[in-house]
Amino acid sequence: MSYRKKFFNGIILLLIVIFCSYIWNYIKIPFNSDKEAIGALSKLKLNNFNDTLRYLIFMGLPFIFYFFLILKNYKNDFVKKGYYFKKKVEISKSNFEFKDIKLIFLLLFLLVIIEFLSLQTPNKDFLDSLHDGDFLTPGLNYLLTDQFWQSSFTVHGGSNIFYTLISWKLLGAQTIGAYELFMSLLTLTLKMFSIIFIFYILKFTKLETNFKILFFTILSLIVLTFSSYNATNYLSIRDLYVFIFFIFFIQSFYQKEKTFLNFLMSLIAVSTIFLHIDIGFYLIATLFLYKTYLFISKRYKDFYQILFFLILSFLMFFLFFGKSEIISFFDHLKHIVFNIDKIHGLEYPKPFFSIGDEADGSRATRVITLQLISGLIIMSVIFLKNEYFNLNEKLFFIFMYFYCFISFKNALGRSDGPHIMQSSDWQSIIIYFFVIHFIFFYFKKNKFFKIIKKSSINLSILIITITILFNININNVINFKDRFLKSINAADSEYLVDDRLMMVNLIKKEIKDENCIQNFTEDLILPYLIKKPTCNKYFSSWLASGYKIELKYINQLKVNKVKYILYESPGFMVIDNISTPDRLKYVNKYILNNYEEVFNLNGYKLVKIKN
């Protein structure tokens with residue numbers, strides 16, 4: 001195809017993207033408000049599936065055009081029918097082993113450990129009463145009730161319970177500091193597994209070992225910047241399980257015996273549903289797409305193994321947690337899956353046209369554009385014959401982009417800056433991979449320079465060493481043990497200002513004879529600070545919006561004979577400017593009719609049941 005024709009086709013593709021952006025707000029599904037959960041979208045009478053449909057059209061039309069463009073102009077280079085669906089896939093020996101990058105690998109691990117040890121201890125001047133409360137209160141609920149999902153209806157899944165419990169057990173103290181340090185340890189683990197993931201993904205490529213060594217170093221250093229200890233970034237703790245899943249998934253493409261790998265992939269996918277509901281669903285969906293591929297390819301052994309191991313994994317969790325907990329979990333899961341976007345959702349900014357008009361318009365445009373570009377790159381790779389990629393590599397990127405594509409649902413659900421950023425992780429990795437891959441192949445093909453293995457290793461060591469020097473805080477590394485122990489053993493009261501501590505003690509005094517307190521505010525950490533479990537599992541009351549679940553909430557108030565309810569608190573801003581009483585109108589009506597004020601002081605309002 002001539003450059004003129006390529007330019008013309010590029011203009012058409014760009015016009016399609018602009019057209020999809022222009023019609024974005026015109027794509028709407030009728031809104032149904034009858035007894036539904038209340039959130040920012042329902043207040044605007046917007047259907048929570050609007051953005052999902054818009055996304056599918058925005059991505060789908062350019063993809064369809066690009067597919068037929070390739071089919072028409074590159075007929076001779078288009079992959080043959082059945083190319084991907086072979087019963088036996090050739091397994092070639094990799095020229096990239098751990099021994100080739102052992103020293104570089106250890107230096108990268110040293111880098112992330114030094115970065116971790118150089119951290120400042122948690123800032124006691126700031127305590128996120130909503131997000132920290134999401135973890136601390138469920139942990140306390142379990143310790144005082146010996147129940148998991150029966151005592152805590154969480155926003156993410158079991159991670160809100162288990163991370164806190166593990167932190168307290170592992171670090172030997174039931175404190176805020178122990179919890180916060182453990183969350184940093186999880187980020188450290190995430191960074192380590194991201195390095196391992198890059199190693200395995202590079203085993204596919206056709207590049208010579210000397211190029212792979214530099215490739216590994218550069219891509220690892222880039223991906224390490226995607227996660228942060230103290231700020232929202234591209235990668236978060238939940239992505240740890242995606243890295244682990246894909247590490248085993250990659251190995252299934254170049255190992256003959258896959259039984260143990262099939263078990264591990266199934267176990268990780270199921271485990272992740274219990275920890276992070278959304279990520280677990282995306283991994284299960286990816287695994288089901290892989291199962292479909294196996295079935296079409298007549299690789300029935302692997303197909304039935306994965307099916308068996310998925311069922312076995314669910315049975316293992318059923319036996320471990322017991323019937324009551326699993327029923328509570330699935331009740332929890334059902335409500336979150338069908339209602340979280342109604343409760344928590346924000347409208348996704350209109351690509352391109354929202355830049356300058358909306359706070360997150362620029363970021364939203366950049367991220368969805370990267371999603372489109374990464375998809376077009378993958379299409380070019382998988383539909384065209386080329387010398388750069390082998391069959392297994394192409395197959396892997398089909399499944400990786402599928403995960404990337406469906407996990408973008410998180411940005412379409414909660415479309416604020418941090419959540420949009422967290423949905424730009426996998427497409428960024430894909431784009432960086434192919435850009436660096438192209439550069440190295442271009443250099444190799446045109447013989448711009450010749451590099452030997454020893455030079456690649458030495459250059460990599462130099463780059464990582466310089467990076468370490470820029471990230472190290474010598475004083476913090478030397479006294480890390482004393483600093484971390486001080487943080488772990490710090491009294492929770494050190495995180496509270498005087499007025500806050502006074503109110504916590506006042507509430508403690510008022511309810512000292514009670515076994516529990518119910519929290520009807522977004523100040524989720526208060527039950528933990530008061531050291532009382534919540535009286536029903538809806539410790540995060542704002543999530544229990546919607547007629548049916550509110551009836552369950554009211555029933556638990558009655559059955560448990562809840563005496564005290566914290567009705568108002570200034571501890572956290574009102575989510576999306578919609579208070580819990582506005583979200584839970586049926587529960588609120590019950591409270592107003594059956595409870596009376598104990599005190600209303602400094603923004604804290606405590607009520608108790610009428611005699």
Side-chain angles (χ1 to χ4, degrees), residues 10-29 31 38-63 65-66 130-131 222 225-228 231-236 238-239 278 340-377 401 404-432 435 573-578:
I11 293 297
I12 294 175
L13 182 62
L14 180 60
L15 289 174
I16 291 172
V17 172
I18 293 173
F19 171 74
C20 292
S21 301
Y22 180 77
I23 65 170
W24 184 272
N25 288 343
Y26 293 101
I27 303 169
K28 292 182 179 180
I29 302 171
F31 173 70
I38 294 173
L41 295 178
S42 65
K43 289 287 185 179
L44 297 172
K45 300 190 182 304
L46 295 173
N47 192 299
N48 59 290
F49 288 109
N50 281 349
D51 284 336
T52 301
L53 180 59
R54 293 163 176 169
Y55 169 69
L56 292 175
I57 292 172
F58 181 90
M59 301 290 288
L61 291 182
F63 282 172
F65 170 78
Y66 194 65
L130 177 76
H131 296 98
I222 290 171
T225 66
F226 287 5
S227 54
S228 174
T232 301
N233 215 321
Y234 299 114
L235 294 170
S236 64
R238 62 186 187 174
D239 293 301
D278 53 347
I340 192 61
D341 286 348
K342 299 174 186 176
I343 297 166
H344 196 225
L346 294 173
E347 191 173 24
Y348 196 90
K350 186 177 181 179
F352 300 102
F353 295 94
S354 63
I355 297 175
D357 291 334
E358 297 184 38
D360 298 310
S362 178
R363 175 173 289 170
T365 299
R366 181 178 63 84
V367 170
I368 201 169
T369 302
L370 289 176
Q371 185 81 333
L372 179 61
I373 291 171
S374 61
L376 295 174
I377 292 172
Y401 185 72
C404 173
F405 187 86
I406 61 175
S407 65
F408 197 78
K409 174 63 179 171
N410 285 5
L412 300 171
R414 182 69 180 173
S415 302
D416 59 0
H419 289 84
I420 292 172
M421 177 183 283
Q422 288 178 347
S423 295
S424 63
D425 43 11
W426 294 97
Q427 68 264 49
S428 297
I429 293 174
I430 289 170
I431 291 171
Y432 275 114
V435 168
M573 62 180 182
V574 177
I575 301 169
D576 300 331
N577 295 316
I578 306 172

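Not measured: the values here are computed from a predicted model.
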Qualifying residues under salt bridge (Lys or Arg N to Asp or Glu O under 4.0 Å), relative to Lys350, sequence neighbours excluded: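 Lys350 satisfies salt bridge (Lys or Arg N to Asp or Glu O under 4.0 Å) with no other residue.
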What are the two closest non-hydrogen atoms of [X] and [Y], and how far apart are they?
X: Ser415; Y: Leu346; value: OG-O, 3.2 Å
X: Gly375; Y: Phe63; value: CA-CZ, 3.7 Å
X: Asn410; Y: Asp278; value: ND2-OD2, 2.9 Å
X: Ile578; Y: Ala40; value: CD1-N, 3.4 Å
X: Ser423; Y: Phe408; value: O-CD1, 3.7 Å
X: Tyr348; Y: Ala411; value: CD1-O, 3.5 Å

Test log, rule side-chain contact (heavy atoms from CB on, under 4.5 Å), inputs Leu41 and Lys342: CA-CA 6 Å; Leu41 295 178; Lys342 299 174 186 176; over 6 Å; no
Gap separating the CZ atom of Phe49 from the CG atom of Leu56, nearest 0.5 angstrom: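 Reported to 0.5 Å precision, the distance equals 11.5 Å.
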Point-to-point distance, once rounded to the nearest 0.5 Å, from CZ of Phe353 to OG of Ser21: 6.0 Å
Within residues 39-53 or reaching into it, pairs that qualify as side-chain hydrogen bond (donor to acceptor under 3.5 Å, both in side chains) - sequence neighbours excluded: Asp51-Arg54, Thr52-Lys409
Salt bridge (charged side-chain N to carboxylate O under 4.0 Å, His left out) partners of [range], not counting sequence neighbours, each pair once:
range: residues 17-26; result: none
range: residues 413-424; result: Arg414-Asp416, Arg414-Asp576
range: residues 417-427; result: none

Chi angles and distances behind the side-chain contact (heavy atoms from CB on, under 4.5 Å) call for Trp426, Ile429: CA-CA 5 Å; Trp426 294 97; Ile429 293 174; 3.9 Å; yes
Could you list the donor-acceptor pairs under 3.5 angstrom formed between side-chain atoms of residues 358-371 and any protein atom two or more places apart in sequence or on another chain?
| unit_1 | atom_1 | unit_2 | atom_2 | d |
| --- | --- | --- | --- | --- |
| Asp360 | OD2 | Gly417 | N | 3.2 |
| Arg363 | NH1 | Gly417 | O | 3.2 |
| Thr365 | OG1 | Phe352 | N | 2.8 |
| Thr365 | OG1 | Gly361 | O | 2.8 |
| Thr369 | OG1 | Thr365 | O | 2.6 |
| Gln371 | OE1 | Gln427 | NE2 | 3.4 |
| Gln371 | NE2 | Tyr55 | OH | 2.9 |
| Gln371 | NE2 | Cys404 | O | 3.1 |

